[in-house]
Amino acid sequence: MPKFFFHMSMILSEQEQVRRASLHEMQQLGINPYPPEAFEVNTTTETILANFKEGSETFSHVSIAGRIMSRRIMGAASFCELQDATGRIQLYVKRDDICPGEDKTLYNTVFKRLLDIGDIIGVTGFVFVTQMGEISIHINSLKVLSKSLRPLPIVKEKDGQLFDAFTDPEQRYRMRYVDLIVNDQVKNTFLKRTKVINVMRDFFNSKGYLEVETPILQPIPGGAAARPFITHHNALDIPLYLRIANELYLKRLIVGGFDGVYEFAKDFRNEGMDRTHNPEFTVLEIYVAYKDYLWMMDFTEDLLVNVVETVQGNNSVLIDGKEIVFSKPFRRVPILEAIREHTGIDVAGMDEKQLIAVCRQLGIEVDDSMGKGKLIDQIFGEKCEHHYIQPTFITDYPVEMSPLCKRHRSNPELTERFELMINGKEIANAYTELNDPIDQRMRFEEQLRLSERGDSEAMFIDQDFLRALEFGMPPTSGMGIGIDRLVMLITGQTSIQEVLFFPQMRPEKIKKAMSHEMFTEIGVPEEWARQLIQAGYQTIESFKNEKPQVLQQKLNGLRKKNKLDIPAVQLEEIMLWFGNL
RNA sequence: GAUUCGUUAGCUCAGUCGGUAGAGCAUAUGCCUUUUAAGCAUAGGGUCCCGGGUUCGAGUCCCGGACGGAUCACCA
């Protein structure tokens, strides 16, 4: 239980009050609006709509449950739309069919008056086609399964055009449950997300690689360059960090003798939030022993072609009006060549001073904390990255940028690394992993020097990881894919919040509705205290500063408006309350 | 963080020159046995984001603030 108790007198809108009254009336009629027993469902709207043929007996006894999404009441017969997990179907509700006896309460009172849009019901009946040609269920029983106390936004649709759409991103993300109920496409995005992950998992399992779990709480946040979240473990009295990557743990498992390990991991980075960044995000990382980054490029191509073909049904996706085609082989471009291609400058072999000069020449901002690696990264990011729309492997990054990556077999200034760029953004990152423990230690120490220069993202030294490498890690290739960004790409979404069920939001401002007790304490009768809250006096201050005459007018106005069955308030009473302040 | 736009009924949105706050849907009531975003009719529903200021008078003008969107910059 949370430690916080909000003492609030809830101010309900008219519609919420009506729904609570309906709930109460149902209970008076002996109907449990939240029954405990299971309701047997024997089909789905999707199954019916896909398979019903007029005249067939297949759907003559259906039992189905879902949420009421619209109602058209026409007297002794009505139509309403029921939405289940698979879609919507129209119900035809005829009074004498759901109320075969004398008692017509279930139809006249419960269905027509006490049920609302948003309520969850279970029905049985038979499927037929209306005169308008719509496949519908003619129901013969109806059971209330859950009463909804808040009105849903009502979104309507005709020929693909939406009316009164629920589109405010803040509302949609904060109340994703509502978004999922009323915005049909939203569900599809998340179904695709799960499908992407399942296809990847199947692909890895079919190769015999092992899905593993590694620590989220880490004493040293390693494996990437980023600012971590920090927390504290009470029993050990040490700081712990939420992981920014799981790379170093997966490599320990390769040391331990597994041939291939992978993890769909939540990583956490204490950085800015925008349409491509959420503080927690999902990354797939996979490590395979006895392979190199060239092998990993082929593997990544196979993986992504497989994912896109399975999820999309073809080999392309459409995003920002651009068609992106996934077919082997993807283009491969060394980073220095990419820079030469887009700037005309050959930065190979340049030292820090020369690189800074190049950045200045190209109008790229630099600062003192930047080393060679970061400068080159900056040039690539500014001048090249956005050009790579079709899947392209950018390879052979400078050694300073990649402290966990093995030096290039033909040039020790470079590393055996690739990033996969799609639609101008990085989707995957992979190395021939550095397994030389002495080189690894030197690279960490270089990071430490960067850190001392003020690079807050430089890596920490993980002594246990170095110890593991010293026992010997087989040559290994590793690869990571940002799952959220991959899903954005495949679903054509341009913001990460659209592919996360519950993106991080600024805490909601809870409007402090003060309790009416603070007014009763100074002698205001209960009923008037409630009216004061409604009149907008939410603090004693605002109340105290009001003129007694104004208060009297407002309260008696509310008395008339709300048809209160109490005598009008007198000025003397109000003066008495003020006296008690 | 910068720029810019926005915040009005349960929802989607109008609101002119500063002068009694509006529409559609939703809700309530009445009528109605196959309707198609909306069956017909009537009614109720507002802290115009918050706080100051100008003014006889502010949803509207000015200042400050909160929250959100979009764009840009940094990180996956």
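So that the names make sense, note that chain A is the first sequence line, chain B the second, and so on, each numbered from 1. Atom set for the values below is all heavy atoms of this structure, side chains included, hydrogens, waters and symmetry mates excluded.
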Picking from [options], which would you name as closest to the side chain of [X]?
X	options	answer
A:Arg71	B:U12, B:C32, B:U27	B:U27
A:Gln90	B:C74, B:U35, B:U34	B:U35
A:Glu170	B:A73, B:C67, B:C72	B:C67
A:Gln15	B:C32, B:G45, B:A26	B:A26
A:Val18	B:C72, B:U33, B:U27	B:U27
A:Ala77	B:C74, B:U33, B:G45	B:U33
A:Asp274	B:G10, B:C75, B:C72	B:C75
A:Thr276	B:U71, B:A38, B:C75	B:C75
A:Phe166	B:U12, B:G10, B:U29	B:U12
A:Pro169	B:U71, B:G69, B:G45	B:G69

Inter-nucleotide [atom1] distance ([N], [M]), Å rounded:
N	M	atom1	result
B:A23	B:C48	C1'	16 Å
B:A21	B:A14	C1'	11 Å
B:C17	B:C61	C1'	12 Å
B:U33	B:G69	P	50 Å
B:U60	B:A2	P	26 Å
B:G53	B:A70	P	35 Å
B:C49	B:U27	P	26 Å
B:A26	B:U36	P	14 Å

Using purine N1 to pyrimidine N3 plus N6-O4 or O6-N4 for Watson-Crick, or N1-O2 and O6-N3 for G-U wobble, each under 3.5 Å, what pairs with [N]?
N	value
B:U35	none
B:G68	B:C5
B:C56	B:G19
B:U29	B:A41

Write down the protein N/O and nucleotide N/O pairs, taken from nucleotides 3-8 of chain B, whose separation is under 3.5 Å; answer none if there are no such pairs.
none

Will you find, in the side chains of [X] and [Y], an N or O donor that is under 3.5 Å from an N or O acceptor?
X	Y	value
A:Asn140	A:Thr124	yes
A:Gln504	A:Asn278	no
A:Arg88	A:Ser70	no
A:Tyr249	A:Glu247	no
A:Thr395	A:Tyr293	no
A:Gln90	A:Arg72	yes
A:Glu498	A:Ser495	no

What residues 127-135 of chain A contributes to the RNA chain B interface at heavy-atom separation below 4.0 Å is A:Phe128, A:Thr130, A:Gln131, A:Met132, A:Glu134
Expected list for residues 93-102 of chain A near RNA chain B, using heavy atoms below 4.0 Å, is A:Lys94
Could you check how far [atom1] of [X] sits from [atom2] of [N], rounded to whole Å?
X	N	atom1	atom2	value
A:Ile73	B:A26	CD1	C1'	13 Å
A:His386	B:C72	NE2	P	12 Å
A:Asn108	B:C32	CG	P	11 Å
A:Glu81	B:A38	CD	C1'	13 Å
A:Arg150	B:U27	CZ	C1'	16 Å
A:Glu14	B:A43	CD	C1'	10 Å
A:Ile244	B:C75	CD1	P	14 Å

inquiry  = For a side-chain contact (heavy atoms from CB on, under 4.5 Å) check, start with the C-alpha distance between A:Arg417 and A:Ile335, then their side-chain angles and the critical distance, and finish with the verdict.
reply    = CA-CA 10 Å; A:Arg417 172 180 181 180; A:Ile335 189 170; over 6 Å; no
Could you tell me how the ring of [X] sits relative to the ring of [Y]: parallel (under 30°), tilted (30 to 60°) or perpendicular (over 60°)?
X	Y	answer
A:Phe229	A:Phe268	perpendicular
A:Phe52	A:Phe59	tilted
A:Phe418	A:Phe393	perpendicular

**Study point:** N/O (side chain, A:Lys156) to phosphate O (OP1/OP2, B:A26) under 4.0 Å
**Key:**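 For B:A26, OP1/OP2 do have a side-chain N/O of A:Lys156 under 4.0 Å.
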- Message: Is A:Gln171 close enough to B:U12 that one of its side-chain N or O atoms is under 4.0 Å from OP1 or OP2 there?
- Response: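 A:Gln171 to B:U12 OP1/OP2: no side-chain N or O under 4.0 Å.
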- Query: Heavy atoms under 4.0 Å, any strand shown: does A:Leu152 hit a base, just sugar-phosphate, or nothing?
  - Reply: nothing
(request) Look at the side chain of A:Arg71 and the backbone N and O of A:Phe111, then say whether any donor-acceptor pair between them is shorter than 3.5 Å. (result)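 Yes; at least one donor-acceptor contact below 3.5 Å.
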### Message
Main chain of A:Met296, side chain of A:Thr300: is a donor-acceptor contact present, judged purely on distance under 3.5 Å?
### Response
yes
Measure the spacing between CE of A:Met421 and CZ of A:Phe330 and express it to the nearest 0.5 Å.
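Rounded to the nearest 0.5 Å, the CE-CZ separation comes to 13.5 Å.
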